[in-house]
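Read the structure below first, then the notes.
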Amino acid sequence: MSPRQGRSLAAHNFGLQIDGVLVEYLSEVSGLTIEQDVVVSPRNTAQGRMDLTILPGVQRNGQCTVVRGVTQSVSFTRWINDSVNGRTGTARRNASIVLMDHEDNPVQRYHLRNAWCSRIDLGTPQAGEGAVLTETVTIVFEELVIE
């Protein structure tokens, strides 16, 4: 169910796809940004005045942070292990963060080209606590495309 034009999306579920396959549900996504260099091109007009044109430059690589409940997702854990152990041949994957509506239908996708995990941080487990154990994973990527 796609939202009608002019309506904002509600944050129901987030999923992580690796090479088009949903491998994990996420509880949080942060820092997902696109940054592009700005090129300032000065020139003189026929009247001798300075005229500045601002042009788009090169898109920069980026990173985002995702939080997941510790699960037994073999695909995601393998991807993390390949990344932190320097196996770049298998670690650099195309991944997507998928925003879903209340019925788990995809409504927005953020495609991360040549993504890999650069950091993992285990939540603070405490004996006797009934809280969900989480992992915070930093994902770096070469290009972000919004669909």
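Not measured: the values here are computed from a predicted model.
Residue I97 is not grouped with residue V140 when hydrophobic side chains (ILVMFWY) are merged at heavy-atom distances under 4.5 angstrom, including chains of intermediate members.
A 4.5 Å side-chain heavy-atom check between Q108 and I146 finds at least one atom pair inside the cut-off. Side chains of V66 and L16 form no contact here, defined as non-hydrogen atoms less than 4.5 Å apart. Contact annotation: the side chain of T134 never approaches that of V70 to less than 4.5 Å [non-hydrogen atoms, C-beta and beyond]. Considering only heavy atoms from C-beta on, F141 stays 4.5 Å or farther from H111 through its side chain. Under the 4.5 Å side-chain criterion, counting only non-hydrogen atoms from C-beta, T65 is not in contact with V29.
The closest donor-acceptor contact from the side chain of N85 to the backbone of N81 lies under 3.5 Å. No donor-acceptor pair closer than 3.5 Å links the side chain of S96 to the backbone N or O of R109. Judged purely by atom type and a 3.5 angstrom limit, S73 uses its side chain to pair as donor or acceptor with the backbone of V23.
When all heavy atoms of V132 and G69 are compared, the pair lying nearest together is CG1-CA, 4.4 Å. Nearest heavy atom pair, residue W116 against residue A91, reads CB-O, 3.7 Å. Contact record, M50 with P42: SD-CB, 3.6 Å, taken as the closest heavy-atom pair. Of all heavy-atom pairs spanning G15 and L22, the tightest one is CA-CD1, 3.7 Å.
Put simply, CD1 on I34 and CG on L32 are 7.5 Å apart, with the number rounded to the nearest 0.5 Å. Remark: L26 CG to L99 CG distance equals 9.5 Å, nearest 0.5 Å. M100 CE to N13 CG: the interatomic distance, rounded to the nearest 0.5 Å, is 5.5 Å. Note that CZ of F14 is 8.5 Å distant from CD of E28, once rounded to the nearest 0.5 Å. Between the CG atom in N94 and the CG atom in L112 there is a gap of 9.0 Å [rounded to 0.5 Å]. Atom CD of Q63 sits about 12.5 Å away from atom CG of L144, to the nearest 0.5 Å.
Residues passing the salt bridge (Lys or Arg N to Asp or Glu O under 4.0 Å) test with D19, sequence neighbours excluded: R93. Judged as a ring-ring contact (aromatic ring centres under 6.0 Å, His included), and not counting sequence neighbours, the contacts of W79 are F76.
Annotation: salt bridge (charged side-chain N to carboxylate O under 4.0 Å, His left out) contacts involving residues 125-140, sequence neighbours excluded, comprise R68-E135. Each salt bridge (charged side-chain N to carboxylate O under 4.0 Å, His left out) pair with one or both residues in residues 49-58, not counting sequence neighbours, appears once here: R43-D51. For residues 111-120, the pairs satisfying salt bridge (charged side-chain N to carboxylate O under 4.0 Å, His left out) are R113-E142, R113-E143, with sequence neighbours left out.
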Let me check something: any side-chain donor-acceptor pairs from residues 52-60 under 3.5 Å, sequence neighbours excluded? List them with distances.
from	atom 1	to	atom 2	distance (Å)
R60	NE	D37	OD1	2.5
R60	NH2	D37	OD1	2.6

